[in-house]
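Keep in mind it's a predicted model, so treat the numbers as computed, not measured. Ligands are counted one by one from 1 in listed order, and the atoms in each one are counted from 1 as well.
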Amino acid sequence: MASHSVAKGCGDPGVQTKPAQVGTFKSMASSNVPCSLLKDDINGNVLPYSMGKEGKKDRVDPAEQSLLNKLIRHNLVKNRNQVEVLQRDPNSPLFSVKTFEELRLKPQLLQGVYTMGFNRPSRIQENALPMMLAEPPQNLIAQSQSGTGKTAAFSLAMLSHVNPANKWTQCLCIAPTYELAVQIGHVIEQMGKFYPEVKLAYAVRGNRLLRGTTIQEHIVIGTPGTVLDWGLKLKFFDPKKIRVFVLDEADVMIATQGHQDQSIRIQRLLPKDCQMLLLSATFEDSVWSFAERIIPDPNIIKLKREEETLDTIKQFYVVCKEKEDKFSALCNIYGSLTIAQAMIFCQTRRMASWLSGQLSSEGHQVALLSGEMMVEQRAAVIERFREGKEKVLVTTNVCSRGIDVEQVSIVVNFDLPVGRDGNSDNETYLHRIGRTGRFGKKGFAFNMVDSQETMDLIHQIELHFDRKIVKLDTDDLDELEKMMN
Ligand SMILES: Nc1ncnc2c1ncn2[C@@H]1O[C@H](COP(=O)(O)OP(=O)(O)OP(=O)(O)O)[C@@H](O)[C@H]1O
């Protein structure tokens, strides 16, 4: 929907509505890292010169992880679990739909949905969409992992509820970061492609309007601080006229200082009969209490994450002396087995960088992924790896969850994942080795053990998952090769 873009969204030529960087992801992202600090690494990836943090463990930032998931995902995540629905009024009939036709969408929106390649509602959409589109409006808290169709659902709901003849803001959506807001905006733009009357504005940093402006865009999407400024201080839109309020990524939102209070302040400006929707990928207690504060009388929909399993994965450990020895063991494994693609996990950026250098000098096609890269660069590296342009991906924890690469036949823990308390980080272990053995294929995981402490971690992991991790001898490799094929 070209007319949704910030540049064209506002009819008034006197109004500067385009943030300097919206739509150009590169420039937007590079604002985080000054260009002078960037250099190319062996793969042509950009790395900061400042290596002050190189020895540090890579921490996973929830907003970055969420953005990365959005950028690398092109399809729904498979989930065979049942949706759990808790209705505000248990006596009212529970509607669920199997087709988009049943929703009686405007033809322009149905066309938009089909053009996006959606044939039928996803599991969560089957229940969420009838509630989101209900008249009178119903409030909803929905939780399901990333990639299950929440953004598509609430985007469709906002587009459906707009009356384009009313030239004022009717739907408001808040997201934790600029980049996430822009991503949501793109979904709305795509879905509303055949419904150009509906306009969208981005309430994000850098998007400055002239004081005294009243915007005519029907949907405003932005970050809490700017939305609050637009609605309360600058009065660019009237919060009392909002019909649908969406708070996306509640779990990421509350992890950001100040966003919780700002979100609550926004919600208090809205009319009592405004429909309120809150979405989250996870549901810890803190998210739950926030959700209950912000969404009155909610229906609740939950879709449990499909558990990752170790059942299809054979796990080994290899005893080594130090990092050079680990490297030789790795080369030995790699040289003896027919490996489609491999992922190798290191605990620190420094180790990942050293290892990828070593592998490259041995003539391997290696991709390196670590936390100092911008999210868009990480997405590009993953995309190349998926396309098979590199056979080995060396990474830190920034990539333990969420990426699906069908060809990954082995995962190597060059360093085992350790928690803050010094014990094994079992969840990370599961996510890491869960990158292999997917899509009904056999998977193999190799753990490098270079000390008694690492051996203890292996025992802890065995105990935790109640699965044996077998010692690998180099003599076993022929046998293993037969097993793999
Ligand atoms: N009904 C559908 N049929 C096919 N694909 C869909 C459907 N709904 C959504 N998708 C696609 O699946 C992917 C995930 O959807 P969506 O972004 O809405 O999920 P999400 O739960 O909001 O996850 P995230 O928070 O990571 O964006 C997107 O590529 C989207 O285009």
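- Of the protein's heavy atoms, Phe118 CZ, 3.5 Å lies nearest to atom 9 (C) of ligand 1.
- Closest of all the heavy-atom pairs between Gln365 and Lys389 is NE2-O, 3.4 Å.
- Considering backbone and side-chain atoms together, Asn119 places no N or O closer than 3.5 Å to any N or O of ligand 1.
- Residue Arg120 has at least one N or O atom closer than 3.5 Å to an N or O atom of ligand 1.
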Stepwise side-chain hydrogen bond (donor to acceptor under 3.5 Å, both in side chains) check, Asn79 with Thr148: CA-CA 8 Å; Asn79 191 313; Thr148 45; over 6 Å; no

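- Atom 26 (O) of ligand 1 has as its closest protein heavy atom Ser146 OG, 2.6 Å.
- A donor-acceptor pair under 3.5 Å is formed between the side chain of Lys150 and the backbone N or O of Ser144.
- At least one protein heavy atom sits closer than 4.0 Å to atom 14 (C) of ligand 1.
- Regarding atom 8 (N) of ligand 1, its nearest protein heavy-atom neighbour is Gln125 NE2, 3.0 Å.
- At least one N or O atom of Ala152, backbone or side chain, sits closer than 3.5 Å to an N or O atom of ligand 1.
- Nearest protein neighbour of atom 23 (O) of ligand 1, counting heavy atoms only, is Gly147 N, 2.6 Å.
- For the pairing with Ser146, the side chain to side chain donor-acceptor pair (under 3.5 Å) check across Gln65, Arg73, Arg305, Lys70 returns one residue only, Arg73.
- Under the 6.0 Å distance and 45° angle rule, Lys302 counts as a cation-pi partner of Trp288.
- Test Ile410, Thr395, Asn413, Val412 against Ile344 for side-chain contact (heavy atoms from CB on, under 4.5 Å) and you get one pass: Val412.
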Quick one, Asp273 with Arg243, criterion salt bridge (charged side-chain N to carboxylate O under 4.0 Å, His left out). Give me CA distance, side-chain angles, the key distance, then yes/no. CA-CA 8 Å; Asp273 61 349; Arg243 311 301 309 152; 3.5 Å; yes

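- The part of Asn75 lying near ligand 1 is the backbone, judged by heavy-atom distances below 4.0 Å.
- Among protein heavy atoms, the minimum distance from atom 27 (O) of ligand 1 is reached at Lys70 NZ, 2.7 Å.
- No N or O atom of Ser66 sits closer than 3.5 Å to an N or O atom of ligand 1.
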